[in-house]
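Proteins come first, then strands; the chains are lettered A, B, ... in the order of their sequence lines, and each starts at number 1. For the numbers below, each heavy atom of this structure counts, side chains included, while hydrogens, waters and symmetry mates do not.
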Amino acid sequence: MTTSNTKAKDFIREIIDEDLKKDKYNGRVQTRFPPEPNGYLHIGHAKSICLNFGIANECQGLCNLRFDDTNPIKEEEEYVQSIKDDIQWLGFDWDNRLFFASDYFDQIYDYAIQLVKEGMAYVDDLQADEISNYRGTLIQPGKNSPYRERSIKENLELLKRMKAGEFADGEKVLRAKIDMTHPNLNMRDPIMYRILHTSHHRTKNEWYIYPMYDWAHGLEDSIEGITHSICTLEFENHRPLYDWFLEKLGVYQPQQIEFARLNITYTVMSKRMLLEIINKGIVSGWDDPRLPTLRGMRRRGYPPQAIRNFCRRIGVSKVNSMVDIEILEHCIRDELNKTAPRFMGVLNPLKVVITNYPIGKVEELEGINNPENPSAGTRKIPFSRILYIEKEDFMEEPPKKFYRLAPGREVRLRYAFFITCQKAIMKNNEVIELRCTIDPETHGGYAPDGRKVKSTIHWVSAPQALNAEIRLYNHLFTVPNPTGQNNVDLKEFINPQSLEILKKCKVEPMVQNLKPFSRFQFERKGYFCIDPDTTENNLIINQTIGLKDTWAKIKKK
RNA sequence: AGCCCUGUGGUGUAGUGGUUCAACAUUCUGGCCUUUGGAGCCAGCGACAGCGGUUCGAAUCCGCUCAGGGCUGCCA
């Protein structure tokens, strides 16, 4: 919101500004988001939602939610609800403007009658493969159907009988009479209606004919008084047809504007491929946290605000592009850094015994909930003789630049004490326990003598610790552009380490109070979120994203 | 091959003929700071697809070339 005024306008907002200046639609701006209810929404849709609803908000205009339900074979009610949920979760509101293309089936049919009466549409008996042959190719003109010159009377009669369900699927179609030699294939007598004896999720068995996208979409926009019909680049070649129908009908005409769809590295966006990954069991479902679906991202812990910021930041243009996933990840961290409460959690526990701390004593230390936001307050964290720290925070023989715990070395336990490692207990060549001492003078983590330690590590008190299962996620694919190579099975690029499950994690007791989908930070480890599959005695936590890790970078060198 | 669209640092965008013109974000490299090796702060690397033309002056206007994308569903 705050950046919208300062940020440069994209080409679509510029067009709209220009139209506003010229008073093209009486100062009105009305957009629409027109999903087909045949799948779940992903972040590519989010870009479109943010654009359409965003523009309406900025211009004191309106944005409709319209389900483009013209193909009953693929569409289901289930998707309608999920799409509505996802849009609301993203943070947008269509108010009372929820529409369906099927609301207009009667009107659209009347317009078809009008076109037939004016000799601009005809019923064709050609079969699907014949129509395809007659259409010609990219470089060869098509030829006229033998049924193209039927009388208006006969066309009217036939269309009525099509509507009445007198013909079988595929037996006839209604076509616009334009030009079979047109260089734009979409203009070679496009099909307006096909026969489908299929029940529709809303109109049930009322219709036997269903309008095609090109025929219906412009009319839907026109009927709703849309001013700017924003769609993706692949519809560019359809715009002449969009305009043709509305001009011939003499009805209100919105303008279609196309922009490039979103691609992100290391993931896929097409419905078909997402479905394939799900059906092959590579991921658990539409809400798998590794997927770019809105449901997946919600479960992963991505804040809607971060997704909106991302969509704003990547801009809008007509260039086919591939956005670096780092930008998305930056937006996620940026938002979570400001908003996520902090806790301590140990992913791979290493037991630590504080030999100079009394057996049975428990004291409470104060931790800051969010250093970025003082109003988030503080909390109590229990401390006792037995603790867990992160396995990787200790090294027997620390290399240069490793600042954490090592034999004889002193570091700080966050919010607690300075701790010195006295002894590492080994078993089968593996460190299984540490014997350490604390300096009681450093209560809270401050040294009265002003001495410094090189690092601060996180910890959890063993008796009070909660057990948790933590799921770590990585990129779903091993290559930046998995669909870029042809003739290769997508499965070859699936990252075998996209999911890593840690079962024996220990987290501080306050986490108990968090509800499913709550987002938070485990200090030094990253951002996390409570998985909805969490039960009374099985705490499941998803890692949203790790913190930037300078040490990991040094280690690599 | 026909039609349509698009070419600015690695990535995504800004720049719309002239002392704010090559900017911003991200990534990457250094440094500062730090009770998260987080965050923050500072600095640095890095681009106008090419060739002509118009002009006093071109990333910006024109032409050509090259490159990338889309279009031959009774899908949307």
Side-chain angles (χ1 to χ4, degrees), chain A residues 7-10 14 34-36 38 68 70-71 73-75 124 126-128 131-133 135-142 169-175 182-188 190-196 209-210 212-214 216-217 231-240 258 260 265 271 313-331 333-334 337-338 342 344 367-368 371-372 401-404 412-416 418 442 444-447 452-458 480 521-527 546-554:
Chain A
K7 185 161 159 83
K9 303 244 176 183
D10 53 70
E14 259 171 27
E36 183 188 13
N38 71 342
D68 207 358
T70 57
N71 185 355
I73 294 170
K74 303 199 299 184
E75 294 150 7
D124 196 345
L126 252 27
Q127 296 306 288
I131 286 182
S132 175
N133 290 145
R135 185 151 34 223
T137 68
L138 294 177
I139 49 166
Q140 287 171 319
D169 289 6
E171 207 177 320
K172 295 185 190 316
V173 290
L174 182 72
R175 294 230 249 169
H182 199 108
N184 181 344
L185 288 281
N186 295 127
M187 300 296 274
R188 320 244 258 230
I191 293 169
M192 295 163 61
Y193 275 108
R194 76 283 217 190
I195 298 170
L196 252 28
I209 58 173
Y210 290 92
M212 299 286 290
Y213 170 87
D214 284 315
H217 202 87
C231 62
T232 45
L233 248 30
E234 69 269 26
F235 293 104
E236 224 158 12
N237 292 329
H238 295 244
R239 182 162 17 102
E258 311 85 12
T265 56
K271 240 177 243 178
R313 212 180 262 240
I314 57 172
V316 180
S317 74
K318 300 192 73 157
V319 194
N320 287 294
S321 60
M322 175 77 75
V323 176
D324 219 316
I325 196 163
E326 311 260 12
I327 297 184
L328 208 210
E329 294 176 340
H330 172 264
C331 292
R333 288 194 183 99
D334 190 47
N337 177 48
K338 288 184 280 195
R342 267 125 250 224
M344 290 198 283
I368 293 166
E372 303 291 321
K401 289 194 175 171
F402 181 86
Y403 302 146
R404 284 110 98 149
R412 172 168 37 235
L413 292 176
R414 174 138 246 225
Y415 300 131
F418 282 14
T442 58
Y446 293 95
K452 302 277 187 201
V453 287
K454 286 286 262 185
S455 76
T456 299
I457 63 174
H458 61 280
Q521 182 192 104
F522 276 141
E523 296 215 25
R524 301 210 309 132
K525 294 311 293 182
Y527 298 99
L547 254 24
K548 290 228 272 183
D549 190 345
T550 310
W551 168 241
K553 233 178 248 175
I554 296 169

S.K.: Rounded off to whole Å, could you give me the CD1-to-P distance for the A/I325 and B/rU26 pair?
M.R.: 17 Å
S.K.: Does A/S321 have a side-chain nitrogen or oxygen under 4.0 Å from the phosphate oxygens OP1 or OP2 of B/rU13?
M.R.: yes
S.K.: Measuring from the side chain of A/D324 (C-beta onward, heavy atoms only), which nucleotide among B/rA39, B/rA76, B/rG10 has the closest atom?
M.R.: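 Nearest to the side-chain atoms of A/D324, counting from C-beta on, is B/rG10.
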S.K.: A side-chain contact here means heavy atoms from C-beta on lying under 4.5 Å apart; do A/L174 and A/I209 qualify?
M.R.: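 Contact flag for A/L174/A/I209 side chains = no.
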S.K.: Using heavy-atom distances to pick each residue's nearest nucleotide on RNA chain B, tell me which of A/E236 and A/D334 is more 5'.
M.R.: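 The residue whose closest nucleotide sits nearer the 5' end is A/E236.
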S.K.: Which part of the nucleic acid, if any, lies within reach of A/R135 when heavy atoms closer than 4.0 Å are counted: base, sugar-phosphate only, or nothing?
M.R.: sugar-phosphate
S.K.: The side chain of A/I191 lies closest to which of these nucleotides: B/rC75, B/rC74, B/rC3?
M.R.: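 Selected nucleotide (nearest to the side chain): B/rC74.
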S.K.: Output the single nucleotide from B/rU26, B/rG38, B/rA76 whose closest atom is nearest the side chain of A/P371.
M.R.: B/rG38
S.K.: Does A/R313 make a side-chain donor-acceptor contact with the base of B/rG12, cut-off 3.5 Å?
M.R.: no
S.K.: What's A/R404 touching, base or sugar-phosphate or nothing? Going by heavy atoms closer than 4.0 Å.
M.R.: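 The residue A/R404 makes base contact.
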S.K.: Using whole Å, what does the distance between atom C1' of nucleotide B/rC71 and atom CZ of A/R188 come to?
M.R.: 10 Å
S.K.: Is A/F522 touching bases, backbone alone, or none of the nucleic acid, heavy atoms closer than 4.0 Å?
M.R.: nothing
S.K.: What contact category does A/R333 fall into here, base, sugar-phosphate, or nothing, at under 4.0 angstrom with non-hydrogen atoms?
M.R.: nothing
S.K.: Can you list the stems that RNA chain B is part of, where a stem is at least 3 pairs in a row, each Watson-Crick or G-U, with both distances below 3.5 Å?
M.R.: B:2-7 with B:66-71, B:10-13 with B:23-26, B:28-32 with B:40-44, B:49-53 with B:61-65
S.K.: Could you write out each protein N or O paired with an N or O of nucleotides 29-34 of chain B at a distance under 3.5 Å?
M.R.:
{"unit_1": "B/rG30", "atom_1": "OP1", "unit_2": "A/K557", "atom_2": "NZ", "d": "3.3"}

S.K.: As a test of reading the structure: which of B/rU27, B/rU13, B/rU36 is closest to the side chain of A/T456, going by heavy atoms?
M.R.: B/rU36
S.K.: Please give, in whole Å, the distance from B/rC28 P to A/E329 CD?
M.R.: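 Those two atoms, CD and P, are 11 Å apart.
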S.K.: Across the strands shown, which category fits A/I73 at heavy-atom distances under 4.0 angstrom: base, sugar-phosphate, nothing?
M.R.: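 Contact class for A/I73: none.
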S.K.: Below 4.5 Å, heavy atoms only, C-beta onward: do A/R524 and A/R414 meet side chain to side chain?
M.R.: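 SC-SC contact between A/R524 and A/R414 ruled out.
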S.K.: Once hydrogens and angles are ignored, does a donor-acceptor distance under 3.5 Å link the base of B/rU36 to the side chain of A/Q521?
M.R.: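 Donor-acceptor pair under 3.5 Å: yes.
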S.K.: Considering only heavy atoms from C-beta outward, does the side chain of A/V173 approach that of A/I195 to under 4.5 Å?
M.R.: no
S.K.: Report yes if a side-chain nitrogen or oxygen of A/R239 is closer than 4.0 Å to either non-bridging phosphate oxygen (OP1 or OP2) of B/rC5; otherwise report no.
M.R.: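 A/R239 to B/rC5 OP1/OP2: no side-chain N or O under 4.0 Å.
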S.K.: Mind checking A/Y446 for me? I need base, sugar-phosphate or nothing, with any heavy atom below 4.0 Å counting as a touch.
M.R.: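 Base contact.
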S.K.: Quick one: which of B/rC75, B/rG12, B/rG37 gets closest to the side chain of A/T550?
M.R.: B/rG37
S.K.: Send over the distance from A/E372 CD to B/rG40 P, rounded to a whole Å.
M.R.: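 Rounded to whole Å, this separation is 7 Å.
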S.K.: Considering just the side-chain nitrogens and oxygens of A/H330, establish if one lies under 4.0 Å of OP1 or OP2 belonging to B/rU26.
M.R.: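 Yes, within the criterion.
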S.K.: Specify the residue among A/G445 and A/I139 whose closest nucleotide of RNA chain B lies further upstream toward the 5′ end.
M.R.: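 Closer to the 5' end of RNA chain B: A/I139.
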S.K.: A/R313 versus A/H330: any side-chain heavy-atom pair under 4.5 Å?
M.R.: yes
S.K.: Rounding to a whole Å, what distance do you find between A/E234:CD and B/rG70:C1'?
M.R.: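 Going from A/E234 (CD) to B/rG70 (C1'), I get 8 Å.
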S.K.: Have a look at A/N237 and say if it touches a base, only the backbone sugar-phosphate, or nothing, with a 4.0 Å heavy-atom cut-off.
M.R.: base
S.K.: Is there side-chain contact between A/M212 and A/P190, with at least one heavy-atom pair below 4.5 Å?
M.R.: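 The answer is no, as the side chains (C-beta and beyond) never meet within the 4.5 Å cut-off.
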S.K.: If we take the P atom in both B/rA43 and B/rA59, what is their distance in whole Å?
M.R.: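 One P to the other, the span is 27 Å.
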S.K.: In whole angstrom, what separates A/E14's CD from B/rU60's P?
M.R.: 18 Å
S.K.: Is the shortest heavy-atom distance from the side chain of A/I191 to the side chain of A/D124 under 4.5 Å?
M.R.: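 Side chain of A/I191 against side chain of A/D124, heavy atoms only: no contact under 4.5 Å found.
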S.K.: Could you state the CD1-P distance from A/I368 to B/rG38, rounded to the nearest angstrom?
M.R.: 17 Å
S.K.: What's the shortest heavy-atom distance between A/I554 and A/K401, and which atoms?
M.R.: CG2-CD, 4.0 Å
S.K.: Would you classify A/P35 as touching base, sugar-phosphate or nothing, given that sugar-phosphate means primed atoms plus P, OP1 and OP2, and contacts are heavy atoms under 4.0 Å?
M.R.: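 The residue A/P35 makes no contact with any strand.
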S.K.: Does the side chain of A/S132 get closer than 4.0 angstrom to OP1 or OP2 of B/rG73 through an N or O atom?
M.R.: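 Looking at the OP1 and OP2 atoms of B/rG73, one of them is under 4.0 Å from a side-chain N or O of A/S132.
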S.K.: Any base atoms under 4.0 Å from A/I554, or only sugar-phosphate, or nothing? Heavy atoms, all strands.
M.R.: base
S.K.: Taking syn as a glycosidic torsion within 90° of 0 and anything else as anti, which one is B/rG31?
M.R.: anti
S.K.: Pick base, sugar-phosphate or nothing for A/M212, based on heavy-atom distances below 4.0 Å to the nucleic acid.
M.R.: sugar-phosphate
S.K.: Base, sugar-phosphate, or nothing: which does A/Y193 touch, judged by heavy atoms less than 4.0 Å apart?
M.R.: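 Since no nucleic acid heavy atom lies under 4.0 Å of A/Y193, the category is nothing.
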S.K.: Among A/Q521, A/R333, A/R342, which one satisfies side chain to side chain donor-acceptor pair (under 3.5 Å) with A/Y527?
M.R.: A/Q521
S.K.: Report yes if a side-chain nitrogen or oxygen of A/K548 is closer than 4.0 Å to either non-bridging phosphate oxygen (OP1 or OP2) of B/rU27; otherwise report no.
M.R.: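 Looking at the OP1 and OP2 atoms of B/rU27, one of them is under 4.0 Å from a side-chain N or O of A/K548.
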S.K.: If you look at every strand shown and take non-hydrogen atoms under 4.0 Å, does A/H217 touch a base, only sugar-phosphate, or nothing?
M.R.: nothing
S.K.: Given atom CG of A/N186 and atom P of B/rC4, what is their separation to the nearest angstrom?
M.R.: 13 Å
S.K.: So A/V173, base contact, sugar-phosphate only, or nothing? Heavy-atom distance under 4.0 Å.
M.R.: base
S.K.: Just to be sure I understand the rule, does A/F418 reach a base, reach only the sugar-phosphate, or reach nothing, if contact means heavy atoms closer than 4.0 Å?
M.R.: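 Answer is nothing: A/F418 stays at 4.0 Å or more from every strand.
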S.K.: Looking at B/rU11, I'd like to know if its phosphate oxygens (OP1 or OP2) sit under 4.0 Å from a side-chain N or O belonging to A/T265.
M.R.: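 Indeed not, no polar side-chain atom of A/T265 lies that close.
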